[in-house]
Amino acid sequence: MMSPGLRRLALTAHVASSVGWVGAVAAFLALAVVGLVGREPEKVRGAYLAMAVITWWVILPSSLASLATGIISSVGTKWGLLRHYWVLAKLALTVVATLLLVVHTQPIGQVATLAAERALSSADLPNLRLQLVVDASFALVVLLATTALGVYKPRGMTRYGWEKQREPREPSAVLVS
Amino acid sequence: MPDPTGYPGTPRWVKVSGLLALVLLILFFVVHLSGHGPGAHGHSPQSHMPVREGSTEKETRP
C-alpha cells in the first residue's frame, strides 16, 4: 500500500491526465468537424495540422499517463486493479481507447500530411475525414463513461476481490489496524 | 441457484453495460470492415497529385 502522500500524488496525476485527455479529445472533435464541413480552405488545412499536433503532443501522452497513473493508483490502494468491477471496467475502457488511438495516429497523419501539401477539397479523403469525427465522438463518450465510473464508483466486487476480502488478514496487518 | 461459496454474483449494471459495450464493439468493427473506416479511405485518385502553383481546385479535377 502507498503512503497517503504518495497516494494523493498518484491520484492528482491520474485526475489531471484523465481530464486533460477528455479536453484534448473534445478539442480534436471540434477540429475534425471544422475539417469536414469548413468552407474556408486555410481554416480546414489549419484544423488538420492542429489535429496531428494535438494527437502526438497532448492526446497520446495524456492517454498513456492516465493508464499508467490509474494502474498505480489502484494497485497501491485498497481498491486494487481486479477487485472491483468499476475499476476493471475503467481499465478495460482506457486500454481499448488507448489502443484505438494508437491505431488512428496513422490516418490522422495521412490527412495532416496532405493538408500540409495543399488545400483539401470535399473529394479528398471524405470517408476518412468523416471517420475521424465519428471516432472522436465515440472516444469522447467512452472517456466520459470512465470519468463517471471514477466519480460514482458503482458497487460490485469481482469473485477475486470477494475472495481476497474474505481471506484472513496477516498478523502484522491485524496489529496495525 | 445461489452460489455455494456465498459470492453475491455479478451486479446488473455490469451485465447491462457489458452487453452494451459488446454491441458497440461489434458495430465498430462492422463499420470498419464494411469499407467505411480508415481502412477504406475513399480518396480520389488525384488526391496526392501535386497542384500547380496558382491553379484552382477546379482546374486540377477532370
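The basis for the numbers below is simple: all heavy atoms, side chains too, and nothing from hydrogens, waters or symmetry mates. Below, chains carry the letters A, B, ... as their sequence lines are ordered, and counting in each starts from 1.
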For each of A:Gly156, A:Ala92, A:Pro154, tally heavy-atom pairs with chain B at distances under 4.5 Å, and name the one with the top tally.
-> A:Pro154
Tell me whether [Y] is reachable from [X] by hopping between hydrophobic residues (I, L, V, M, F, W, Y) whose side-chain heavy atoms are closer than 4.5 Å.
{"X": "B:Leu27", "Y": "A:Val96", "result": "no"}
{"X": "B:Leu24", "Y": "A:Val25", "result": "no"}
{"X": "A:Leu99", "Y": "A:Ile108", "result": "no"}
{"X": "A:Val111", "Y": "A:Leu36", "result": "yes"}
{"X": "A:Ile54", "Y": "A:Leu101", "result": "yes"}

Whatever's closer than 4.5 Å to a heavy atom in chain B on A:Leu93 counts as neither
Please look at A:Arg129 and chain B and tell me whether the side chain, the backbone, both or neither of the residue comes under 4.5 angstrom of a heavy atom of that chain.
-> neither
For residues 138-150 of chain A, which side-chain N or O atoms pair as donor and acceptor with protein atoms under 3.5 Å away, sequence neighbours left out?
from     : atom 1 : to       : atom 2 : distance (Å)
A:Thr146 : OG1    : A:Leu143 : O      : 2.7
A:Thr147 : OG1    : A:Leu143 : O      : 2.8

Decide yes or no on side chain to side chain contact (heavy atoms under 4.5 Å, CB included) for A:Leu100 and B:Phe28, but give the supporting numbers first.
-> CA-CA 11 Å; A:Leu100 289 178; B:Phe28 182 83; 3.7 Å; yes
B:Ser17 versus chain A, heavy atoms under 4.5 Å apart: side chain, backbone, both or neither?
-> neither
Between CD on residue A:Glu163 and OH on residue B:Tyr7, distance to nearest 0.5 Å = 9.0 Å
A:Lys43 atom NZ: more than 12 heavy-atom contacts under 6.0 Å | no
Residues in residues 6-22 of chain A near chain B [non-hydrogen atoms, under 4.5 Å] | none
